**Student:** 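Please read through the structure below; I'll follow up with questions.
Position 1 is the first residue of the sequence, and the numbers go up from there. Computed from a predicted structure; not experimentally measured.
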Amino acid sequence: MAEAAISVAAGIVVEPVVDSISTQLGYIWNYMTNFENLERQHQKLKDTLAQVQHSVDEATRNGEDIEQKVVSWLDRVEKINAEATKIIEDNQRANMRCFKSLCPDLKKRYQHSKQAAVKAMEVSELEKDGNLLGKVSYRNLPDETWHPSSKPFEDFESRTSTLTYVINALSNPDVHMVGVHGMGGIGKTTLAREVISWVWNSVRRLNLEDNIWETLDLEKVGIPFNDDHRGCKLLLTARKANLLSDEMGCDCENNFPIGILNETEAWNLFKKIAGSCVEGHDLQSLAFDVAKECGGLPIAIVTVAKALKNKEKCEWKSALFELQHPSVESLEESVATKTYSCIKLSYDHLKSEELKSTFLLCSTMIFISNASVEGLLRYAMGLRLFSTINTMEATRDRVNTLIQKLKKSCLLLDTPKGERFFMHDVVRDVGRSIALRDRHMFTMKENLVIQDLAEENTLKNCTSIILHDIAKLPEELDCPQLNFLYIKPKTRFPKILDNFFKGMPKLGVLHLIEIVLSPLPASFHLLKKLQTLYLDACHLGDIAEIGNMKNLEILVLSSDIKQMSEKIGELTQLKVLDLRKCSDIEVIPPNIISRLTQLEELYMPLDGLCKWQGVEGERSNGSLGELEHLSQLTALQIYIPDAKLVPKGLLFQKLQRYTIYIGVLEGFRRRYRLHGTSRTLSLNYDDANNSVEDGIIKQLKEIEEMHLRGKQGVKNVLYELKRYGFPKLKHFDVRSNPELVYIVDFPKQSEPCVAFPHLQTFSLCSLSSLEKICQAQFSPPNSFCQLRTLDVQLCVKLKNIFSSSIAKHLSQLEQITVCSCENMEEIFSIVGSENEEIVLEKLDTLYLWNLPKLRSFSYKVEVGSTCDEERQMKDSLMPLFDGKVKFPNLKTIYLVDMNLKYVFSSSTLGSFVQLQRLDINSCTVLEEIIRIDHDLKNNFELPSLKNLRIKKCPAMKSFIFSDKVTFPSLEEIEISDMDNLEMIWHNQLEDSHNVQNCQKLCKVSVLPNLEELGLDGRKIKMVWQRPFPEILFPKLKFLEIQNDESMVLSPNSLPRSHNLERLSLENSSYEWIFSCEEVEEYPQIKSLYVNGLGNLKQIWKQDSKVDTILQNLENLVVHSCGSLVTLLPPSTSFQNLTVLRVQNCRLINLISSSTAKSLMHLKEMEIKDCNMMTEVVTGDRAGIEDEINFKNLKSLELFSLSRLRRFCSGNDNFSFPSLKILNVAYCPKMRIFSSTAANAPMLREIELDWESYYCDGDVNKTMERIHEKKVFSSDVLRYCASDIRMILQKFPEHKFSKVRTLEVFDDESTVFPLDILQRFQNLNCLKLRDTSYKEIFSCEEVEKHAETLAQINVLHLTKLDDLEQMCKQDSRSDLILLNLRALQSATV
């Protein structure tokens, strides 16, 4: 017996050390158990095999191909079945006793038991894989050439995919009916005919019913179709999806939509129909624009292409104009006549007048880019489209139903349900044509003159008029039948004349945009039947007259009004009051809201200043208690700055839709408007009584979005705040609550519950006491099952996020962010005997930051587990991803400040086949990215990895030591601040060259797909002794070089690549970049980015051949080059430059006028923080007057240019025909744009110091007007001394009556000119900075200006470096200091 024990012990000693003694002895003790487990797992595998085999056999009979993963699994099963059977049989035959059968043979038991245990695990894993196989087969089309050329079907990807789906469905023996639906002219019939040609031989009988409009009685028309005719198939096409699915009974999965062609497909079809004429140089661009206007609709493409085939260029141009500016009056006779007829037929088949009216209204709304469901609803209410409905909520349901019907009829695009609807442009134009012809609904845009039409009585019978971007308003409109009027002028803020509304007594809807209505026109009171009124961005004064419109039901105001008129309280029929865009409103007089007893919807601004008051005492403003009188209220949007203003007992139960912010800070209000849900609650306060006792949370129905900030007086959310949970909650954000311990916790005696079944985004931040997210017993399958985004930050006590029982149901999770949780040990914890694999099927992005204790993404917590020291020992060898969790679609991983030695192991790489970006930063103990397992036999790869970025990982010596791991798709690699890195990976070239990314890096492999490369190091010259071989980076497009101490960029520093297009140079010592010898090396560079080159004097030398680079350069960005005084030589010419940005340089000017004339393609110009710049363009042709035309410039931004006076002070006139954005900020000396004319006909507003002002195209006049307005409307005046003198000379004294503070700077005088103060009668604060004054108050001037000086009570002195004294000793200082209360000085 002793010998046996010694023998066993000896056998144990030589086993691999990875098996602990206790584990090995366990094999002996659990001998019988291990074999029973193996037999049990083996039987389960056989059962799963049988199930899979049945599916495979059925698929084979149906002519389907078997998925490769299934074939591989079957092969593995066959192999492991044989191995398991052999182990079981060998054990049955073996003699397990020794010493003449007196004792058990422990050595044999150990060996056989271990074999059984290991094999049982393999069998179990394989059986689980079988259950996760999913679909075992797929349908494939025969490998034949697509359709003969004589057929009309086009081989487009969007069509062949649909064709494949239809053919596969018809090939399924269990499918008898297949449907294809889409808008008229989309190609349903063509597709159906192609289907017939494909399946004619494989299907016994195929019946085609094309373009059905109503339910088809199959028996009546003689089509065999039921279980008695299993070989017969039916293919249906229709324009209405619901006709096929709801009325004909076609299953949704066999009802296929067909959509428009993409741009490439549309152009190919157009070329084929129009012929070779479109390939000519003079027509190609024009023809492409014509094809684009057809909107991917096949019938429009074919019709237009046929009509223009072999036509003259003038006819093509005429057709393009016709398509871009469709005339609704003559659409039936246009180039798209067939298209019109096709869509008109769909309209004619709409079943109800209600549906037709809604479609026509949608067409006109789409035309003016106002396609909101809310707008449609309010217009429909005002037009009384739904005569039997009286409430807003019922109307909303009806409108949404009609929108769905129009989508199913393919007259609206089938986009996801949201706040807007969408329509094809061709359908829109047909709808407008029908609306004009049948309903007298007139839509006009831009150039048409409404006055001429009014005088011709063209509008006499109009029921609807839309005037969008109209140039001039008529004095009066005589439209006795008009019930809808929309006006948006081309020029902002024109005035409507008094008689304008006199001739429209039936008007029900009025929508005015950007019009002056102060005062309201005299005829406004005649609109007695008005029910919906929009005053959108209008300039309003007294709006009391609106209170006389007793029939008004919907009032929407968007204005800068500060006080609501008391007369609004007389609108007793009002159902909707929308003030959400009146952010300046401060006062709503008491008892206005409470008198609007029919109000169903109230929308207040979320960023407003309204000063709600409490219900007690005398009030000058409205109180929230008035809401109690609104018994019909179902929708509420409101911001309440203080929770104490909410009266006790205020009821919210009737609210169907709401957005309520209570005590939420400004920044958070903006942040919370992200998800667009219809039921949102945001609380930011620390008063538990308001949230729990008064029950705001408990009262609100079906909260969809909730933000909790601060203490709510609870330790867990789900039970204490709302006993029955939040079954409809989609977005949940909890932060800054030091008391919260759990998110989900229920009493032990309660039944398990479902937690957050619809939650999509979940954010936890700064919860210092949070120990667990889920503490209670609840029902896992439906809890958190819709979660898409998980964000956990600054939860210092939290050790993990979820247990595996929850994690395995997170099939919709797309993004995980965990940051700064100092005790986080794992993301998912696996408790006890749970072994089920966790698959995060949709996880796309993973962010893990500053988690010092995290060692593994998941960790199995054993019951009665050993001490922390043993775990730490295991953790030290464990990669972050150990295989317990699968990530089949993970594309991006960010790891920052983590204590990890390894990220992956070679055996787990198979879970990351979709990984495209890996970013690792500041992981100080990281040794390798991939730990190579000892039993690695096969090669592994990260097949999709494109971007690799590793920074500040000092313990890392090699990216990967093994040559068995490859990265075939790698395009971009950035490795920096890695002091000990010696090798990127093992399989380098024998003749590879040193890459000085980091101080010790010696070798790098060929990267055939690398497109972006960053070189960061101070020894590039030393390491790169000879030019790069081009073979090293053959596809390189972008190169970044940092920290180069060379005086000029060496050609040896640039990898040779004919594809190099973008060059970025940062934080280096170059005095110039390209010398004359080297500039010809880089003719293909399109983008040059220069940042932090403190010694840079010129980008290139004067005598260098810069034209070789400039001919292709499109983007030039220069940033933080302190020595750069001249950007470019004066004669420089840019032929293709589109973007020019300069920031933080000492340039006095940017470019010469000669260079400016060459910038014909420039689209964006941005100049920031160049404090020496006095003008952007400097004249280099003395006395010569010329025009500089920036014909493509769309955006010009000038920021923080403290000395800038003009864009140009020379004689050149400037033209900006395409300019739409002009932003000027912190340019205090720029009072006028240029010394000569500056015209920008497309510019409609100028943004000056972050405020927008209207511009009529003359930039100089506009800026003069703006500055004049700023001078006379502000109580603060800031100017240099010379500008102040100019202003004082130009304007009379009374203009300066508002000025309380005067700030003077940049004055080279030695004494402050006191005489300028006499114009400022109300001045009380004087600020002087950056001047050369030696003395401020001269004794000669003090007495003369004693009265003005006596008013000054605050004096600021800043950076007066030459100041010797404020005043001489003998001056009347008592007059100066008479009322002075504050004297402040800095750096005097």
**Student:** If we ignore angles and hydrogens, is there a donor and acceptor under 3.5 Å between the side chains of T677 and E705?
**Tutor:**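 Per modelled atom types, T677 and E705 side chains form a pair under 3.5 Å.
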**Student:** Do R432 and T443 have a side chain donor and acceptor closer than 3.5 Å?
**Tutor:**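 Yes - a donor-acceptor pair under 3.5 Å links their side chains.
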**Student:** Are K567 and N548 close enough that a side-chain donor and a side-chain acceptor fall under 3.5 Å?
**Tutor:**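 Yes.
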**Student:** So do L376 and I403 actually touch side chain to side chain, heavy atoms under 4.5 Å?
**Tutor:**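 Yes. Closest side-chain heavy atoms under 4.5 Å.
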**Student:** Evaluate R595 against E626 for salt bridge (Lys or Arg N to Asp or Glu O under 4.0 Å), listing each step before the verdict.
**Tutor:** CA-CA 9 Å; R595 288 154 62 196; E626 295 185 42; over 6 Å; no
**Student:** Has N621 got a side-chain atom pairing as donor or acceptor with I588's backbone, closer than 3.5 angstrom?
**Tutor:**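 Such a contact is found between N621 side chain and I588 backbone.
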**Student:** When you check the gap from the basic side-chain N to the acidic O, do R384 and E553 get nearer than 4.0 Å?
**Tutor:**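 A salt bridge links R384 with E553.
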**Student:** Taking atom types as modelled, is there a side-chain donor on Q573 or K550 under 3.5 Å from an acceptor on the other?
**Tutor:**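 On atom types as modelled, these side chains do not qualify, holding no pair under 3.5 Å.
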**Student:** Drop me the distance from L436's CG to S363's OG, to the nearest 0.5 angstrom.
**Tutor:**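 Rounded to the nearest 0.5 Å, the CG-OG separation comes to 12.5 Å.
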**Student:** Identify the heavy atoms of P589 and M564 that sit nearest to each other, and give their distance.
**Tutor:**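 Smallest interatomic distance, heavy atoms only, reads CD-O, 3.2 Å.
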**Student:** Could you give me the CA-CA distance, side-chain angles and deciding distance for R439 and E353, then say whether salt bridge (Lys or Arg N to Asp or Glu O under 4.0 Å) is met?
**Tutor:** CA-CA 12 Å; R439 306 289 182 93; E353 192 63 29; 2.3 Å; yes
**Student:** Rounded at 0.5 Å granularity, tell me how far CE in M604 sits from CD1 in I593.
**Tutor:**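 Output value for this atom pair is 6.5 Å.
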**Student:** Begin from the C-alpha positions of F732 and L708 and carry the test side-chain contact (heavy atoms from CB on, under 4.5 Å) through to its verdict.
**Tutor:** CA-CA 8 Å; F732 190 22; L708 303 178; 4.0 Å; yes
**Student:** Among L555, L552, I546, L485, which residue meets the side chain to side chain contact (heavy atoms under 4.5 Å, CB included) test with L530?
**Tutor:**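 Output: one option passes, namely L552.
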**Student:** H758 and Q760: side-chain donor and acceptor closer than 3.5 Å?
**Tutor:**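 Distance-only check fails for H758 and Q760.
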**Student:** In Å and rounded to the nearest 0.5 Å, what is the CZ to CD distance from F500 to E476?
**Tutor:**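 Reported value, rounded in 0.5 Å steps: 9.5 Å.
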**Student:** Can you check whether F501's main-chain N or O pairs, donor with acceptor, with S523's side chain at less than 3.5 Å?
**Tutor:**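 Indeed, once roles are kept as given, a pair shorter than 3.5 Å links the two residues.
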**Student:** Is the shortest side-chain heavy-atom distance between F442 and S464 below 4.5 Å?
**Tutor:**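 F442 does not reach S464 side chain to side chain.
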**Student:** For the atom pair CE (M441) and OG1 (T463), what is the distance rounded to the nearest 0.5 Å?
**Tutor:**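 It is 6.0 Å, given to the nearest 0.5 Å.
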**Student:** Can you name the closest pair of heavy atoms from A371 and I366 and give their distance?
**Tutor:**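 Residues A371 and I366, closest heavy atoms: CB-CD1, 3.5 Å.
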**Student:** Do we see a donor-acceptor contact under 3.5 Å between the side chains of Q598 and T572?
**Tutor:**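 Not at all, the side chains of Q598 and T572 share no donor-acceptor pair under 3.5 Å.
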**Student:** Can you confirm whether or not the ring centre of Y534 sits under 6.0 Å from the ring centre of Y379?
**Tutor:**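 That pair passes the under 6.0 Å test.
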**Student:** Scan side-chain atoms only and decide if T391 and R396 contain a donor-acceptor pair under the 3.5 Å cut-off.
**Tutor:**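 Judged by distance alone, the side chains do not pair up.
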**Student:** Would you compute the distance between atom OG of S682 and atom NE2 of H707 and round it to the nearest 0.5 angstrom?
**Tutor:**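 That separation rounds to 4.0 Å.
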**Student:** Check whether any side-chain heavy atom of L512 sits under 4.5 Å from a side-chain heavy atom of I496, and report yes or no.
**Tutor:**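 Sidechains of I496 and L512: in contact.
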**Student:** Under a 3.5 Å distance rule, please check whether K528 uses its side chain to pair with a backbone N or O of P505 as donor and acceptor.
**Tutor:**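 No: the side chain of K528 does not pair with the backbone of P505.
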**Student:** Can you tell if the side chain of H511 reaches within under 4.5 Å of the side chain of F484, non-hydrogen atoms only?
**Tutor:**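 With C-beta onward as the side chain, the pair stays apart.
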**Student:** Is the number of heavy atoms from other residues, nucleotides or ligands under 6.0 Å of K405 NZ greater than 12?
**Tutor:**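 Counting other residues, nucleotides and ligands, NZ of K405 stays at 12 neighbours or fewer.
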**Student:** Mark yes or no for whether K575, through its side chain, and N390, through its backbone, hold a donor-acceptor pair below 3.5 Å.
**Tutor:**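 Yes, because the side chain of K575 sits within donor-acceptor range (under 3.5 Å) of the backbone of N390.
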**Student:** I would like to know whether M504 and L527 meet side-chain contact (heavy atoms from CB on, under 4.5 Å); could you show each step before the answer?
**Tutor:** CA-CA 7 Å; M504 46 188 83; L527 303 177; 4.1 Å; yes
**Student:** Evaluate the side-chain contact (heavy atoms from CB on, under 4.5 Å) criterion for residues I515 and K495: first the C-alpha distance (whole Å), next the side-chain angles of each, then the deciding distance (0.1 Å), finally the verdict.
**Tutor:** CA-CA 6 Å; I515 291 176; K495 190 172 178 62; over 6 Å; no
**Student:** Starting at CG of L533, measure out to CD1 of I543 and round the result to the nearest 0.5 Å.
**Tutor:**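 Here the rounded value is 9.5 Å.
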**Student:** What's the shortest heavy-atom distance between L633 and E601, and which atoms?
**Tutor:**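 Scanning both residues, the minimum pair turns out to be CD1-N, 3.9 Å.
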**Student:** In the structure I gave you, are the side-chain heavy atoms of T680 and I660 within less than 4.5 Å of one another anywhere?
**Tutor:**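 A side-chain contact under 4.5 Å is absent here.
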**Student:** For Y661 together with Y639, are the ring centres under 6.0 Å from each other?
**Tutor:**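 They do not qualify: ring centres at least 6.0 Å apart.
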**Student:** Answer yes or no: is there a side-chain heavy-atom contact under 4.5 Å between T1301 and V1299?
**Tutor:**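 When only atoms from C-beta onward are counted, V1299 and T1301 do not touch, as no gap falls below 4.5 Å.
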**Student:** Of all the heavy-atom pairs spanning E514 and C538, show the shortest one and how long it is.
**Tutor:**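 In this case the closest contact between E514 and C538 is N-SG, 3.8 Å.
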**Student:** Which atom names give the shortest non-hydrogen contact between L645 and W612, and what distance separates them?
**Tutor:**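 It is CD1-O, 3.6 Å.
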**Student:** Would you say that L385 contacts E354 through its side chain, given a criterion of any heavy-atom pair below 4.5 Å between the two side chains?
**Tutor:**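 Not touching, per the 4.5 Å side-chain cut-off.
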**Student:** Is there side-chain contact between E419 and E374, with heavy atoms separated by less than 4.5 Å?
**Tutor:**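 No, too far: nothing below the 4.5 Å cut-off.
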**Student:** For the side chain of Q531 and the backbone of G508, is there at least one donor-acceptor N/O pair under 3.5 Å apart?
**Tutor:**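 No.
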**Student:** Is the number of heavy atoms from other residues, nucleotides or ligands under 6.0 Å of K529 NZ greater than 12?
**Tutor:**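 Counting other residues, nucleotides and ligands, NZ of K529 stays at 12 neighbours or fewer.
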**Student:** Report the C-alpha separation of F359 and L406 in whole Å, then their side-chain angles, then the decisive distance to 0.1 Å, and conclude whether the side-chain contact (heavy atoms from CB on, under 4.5 Å) test is met.
**Tutor:** CA-CA 7 Å; F359 167 71; L406 289 174; 3.9 Å; yes
**Student:** Is a salt bridge present between R378 and D578, judged by a nitrogen-to-oxygen distance below 4.0 Å?
**Tutor:**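 Counted as a salt bridge, because a side-chain N and a carboxylate O are separated by less than 4.0 Å.
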**Student:** E702 and Y658: which non-hydrogen atoms are nearest, and at how many Å?
**Tutor:**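 Closest approach of E702 to Y658: C-OH, 3.8 Å.
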**Student:** When you check the side-chain N and O atoms of S518 and H539, is any donor under 3.5 Å from an acceptor?
**Tutor:**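 Distance-only check fails for S518 and H539.
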